[in-house]
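Quick notes on the structure that follows.
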Amino acid sequence: YLAKEARTGVELYQPDKDRNSPERLNLLGDLRRALDGGELKLYYQPKVALATGSVHGVEALLRWRHPVHGLIPPSEFVPLAEQSYLMRQLTAYVIDAALEQLARWWHTGLRVPISVNISARDLLGSALPEQLEVGLGRFGLPPSAIQLEVTERILTGDQAYTQETIKALAALGVPLALDDFGTGYSSLIRLQRLAVSEVKIDSSFVRRLADSQDDDRIVRSIVDLVRSLGLRSVAEGVESDAVAIRLAEMGCDLGQGWLFCEPMPAAEATGWLRERFGSGPESEYGYRPEV
Ligand code: C2E
Ligand code: MG
Ligand code: MG
Ligand code: MG
């Protein structure tokens, strides 16, 4: 991803890796201002059915245009925010922005669910389910219009508060997706005990799928298991036709990646969705490269 944006000429800023470096502390201060100053924007990346090409949802991904440092990727500032109280403000902002966008799409016939990434801290207390309940109600949206992406580590944490909040979200009817699957601690067996409806296979296994027998075997066994549990599988980091075709053969449900589309600003995403939404099955043989 870094290389890709570097190629498009956007300089990426990477603060000193030292946790307490002045650069990082400065950045945290900047982030606080960025939250109010409109420097943070959501980009949207579609999730595409590998068998039909139809669009099943979009993931909201945060982008920060820093006035001095330029584009700062979430891998730099989300972990920073996670170490502070700012994370909850950040998530509150993301949820509100996603719900607003969702309402604009939903009420003009683009019924595309939006997935939002959340962090461990967001599951502390009842603020998140409350914000979602109020927001969905205000915009007249069904709970299934939004989905929360959480990582294994968050979901398998045995803190009571995490489980309480997850129960509240389930009661509300907001679906959960397990993000970055394969990189955490939980085994495939534990999957069935997690209250998720979607499993996103980490891009590190997907990207080189077509050239690596090991990756092919890993992804195939995840896809099989996910299906046998009645859940939906999503492959992250689909960059080539060869990978998309192989995933479709395996029976993986959805794909997300540069092959289909990079994350786009809202206006561009709206155009992209309008063009494709409701177009129905494109090929009975599943994913086919465009010619
Ligand atoms: P993630 O949730 O696993 O998101 C997928 C990442 O893969 C995104 O990186 C996306 O831009 C990137 N990606 C998409 N297609 C491809 C592809 O074909 N190849 C490759 N190599 N990568 C692809 P991004 O946007 O830099 O976000 C990185 C991570 O930052 C996310 O990983 C997520 O964990 C976190 N993040 C992003 N936005 C938010 C947010 O609003 N809140 C929270 N808490 N975390 C966020
Ligand atoms: Mg995600
Ligand atoms: Mg992921
Ligand atoms: Mg990730």
Side-chain angles (χ1 to χ4, degrees), residues 1-8 10 12-14 31 34-35 39-48 50 57-65 71-84 86-99 101 113-124 128 146-155 175-184 196 198-210 215 222 233-244 247 254-266 269:
Y1 185 59
L2 297 178
K4 182 94 174 188
E5 289 211 322
R7 254 184 282 131
T8 60
V10 183
L12 284 174
Y13 176 70
Q14 286 187 286
L31 186 56
L35 263 167
E39 290 167 31
L40 295 168
K41 288 264 164 351
L42 286 182
Y43 275 46
Y44 299 92
Q45 188 181 38
K47 290 190 279 187
V48 175
L50 290 157
V58 295
E59 176 173 11
L61 294 159
L62 204 49
R63 295 290 178 265
W64 180 9
R65 282 202 182 274
L71 192 64
I72 305 178
S75 57
E76 292 297 335
F77 66 88
V78 170
L80 204 61
E82 272 168 354
Q83 294 162 20
S84 80
L86 262 188
M87 193 60 227
R88 305 190 66 185
Q89 266 171 266
L90 201 66
T91 299
Y93 168 82
V94 169
I95 298 272
D96 270 345
L99 284 171
Q101 186 56 58
I114 295 183
S115 304
V116 169
N117 293 284
I118 60 162
S119 302
R121 269 179 189 260
D122 300 319
L123 296 176
L124 183 63
L128 179 66
I146 197 154
Q147 184 187 44
L148 301 178
E149 298 196 359
V150 292
T151 57
E152 288 168 77
R153 192 142 38 127
I154 297 179
L155 220 52
L176 291 184
L178 191 56
D179 207 350
D180 303 345
F181 187 77
T183 58
V196 299
E198 183 175 289
V199 176
K200 302 190 77 174
I201 306 165
D202 194 72
S203 59
S204 57
F205 306 107
V206 175
R207 273 198 311 262
R208 283 172 301 274
L209 184 64
D215 288 348
I222 296 176
S233 51
V234 185
E236 304 191 288
V238 181
E239 296 177 3
S240 71
D241 281 327
V243 167
L247 286 165
L254 307 177
Q256 190 181 336
W258 298 332
L259 174 67
F260 307 110
C261 193
E262 283 187 48
M264 302 169 279

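All values reported here derive from a predicted model rather than from experimental measurement. Just follow the structure's listing: the first ligand is 1, and inside any ligand the first atom is 1.
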**Study point:** Ser119 vs Glu82, side-chain hydrogen bond (donor to acceptor under 3.5 Å, both in side chains): CA-CA, chis, key distance, verdict
**Key:** CA-CA 7 Å; Ser119 302; Glu82 272 168 354; 2.7 Å; yes
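Counting heavy atoms under 4.0 Å from ligand 1, residue Leu259 does not touch it at all. Both the backbone and the side chain of Asn117 come within 4.0 Å of ligand 1, judged by heavy-atom distances.
Judged purely by distance below 3.5 Å, without hydrogens or angles, the side chains of Gln45 and Glu262 never pair a donor atom with an acceptor atom. Inspection of the Glu239 and Trp258 side chains reveals no N or O donor paired with an N or O acceptor under 3.5 Å. A donor and an acceptor atom, one from each side chain of Ser115 and Gln147, are located under 3.5 Å apart. In this structure, a donor-acceptor pair under 3.5 Å is present between the side chains of Asp122 and Thr91.
Contact of the Thr151 side chain with the Leu178 side chain is not registered, since no non-hydrogen atoms from C-beta on lie closer than 4.5 Å. Side chains of Asp241 and Leu259 form a contact here, defined as non-hydrogen atoms less than 4.5 Å apart. Between Leu40 and Leu31 the shortest side-chain heavy-atom distance falls below 4.5 Å. Val206 is listed as a side-chain neighbour of Val243, based on a closest heavy-atom distance under 4.5 Å.
The distance from ligand 1 to the heavy atoms of Arg207 drops below 4.0 Å at these ligand atoms: 21 (N). Numbered from 1 in the order shown, with element, the atoms of ligand 1 that lie under 4.0 Å from a heavy atom of Leu61 read 4 (O), 8 (C), 10 (C), 11 (O), 25 (O), 37 (C), 38 (N). Residue Val94 approaches ligand 1 through these ligand atoms, each under 4.0 Å from one of its heavy atoms: 41 (O). Set against the non-hydrogen atoms of Ser119, the atoms of ligand 1 under 4.0 Å away are 44 (N). Close approach of ligand 1 to Gln45 is summarised as follows: ligand atoms under 4.0 Å from at least one heavy atom of the residue are 14 (C), 15 (N).
Note on ligand 1: Arg63 sits in its first shell, one or more heavy atoms being nearer than 4.0 Å. Residue Ser203 places every heavy atom at 4.0 Å or more from ligand 1. Remark: distances from the non-hydrogen atoms of Glu262 to ligand 1 are all 4.0 Å or more. A heavy-atom separation below 4.0 Å is not found between Lys200 and ligand 1. Residue contacts with ligand 1 do not include Gln256, since none of its heavy atoms lies under 4.0 Å from the ligand. Under the 4.0 angstrom criterion for non-hydrogen atoms, Pro73 is not in contact with ligand 1.
With respect to Glu149 and Lys200, a salt bridge is recorded, a charged nitrogen being found less than 4.0 Å from a carboxylate O.
Distance check for Asp202 against the Mg ion (ligand 3): none of its N/O/S atoms falls below 2.8 Å. Backbone or side-chain N, O or S atoms of Asn117 reach the Mg ion (ligand 2) at under 2.8 Å.
Every salt bridge (Lys or Arg N to Asp or Glu O under 4.0 Å) that Glu198 has, sequence neighbours left out, goes to Lys47, Arg232.
Nearest N, O or S atom of Glu236 to the Mg ion (ligand 3): atom OE2. Take the N/O/S atoms of Asp180: the one nearest the Mg ion (ligand 3) is OD1. Closest to the Mg ion (ligand 3) among the N, O or S atoms of Asp179 is OD1.
Which of Phe260, Trp64, Trp258 comes nearest to atom 23 (C) of ligand 1 through a heavy atom is settled by distance: it is Trp258. Atom 1 (P) of ligand 1 has its nearest heavy-atom neighbour, among Leu42, Ile95, Asp179, in Asp179.
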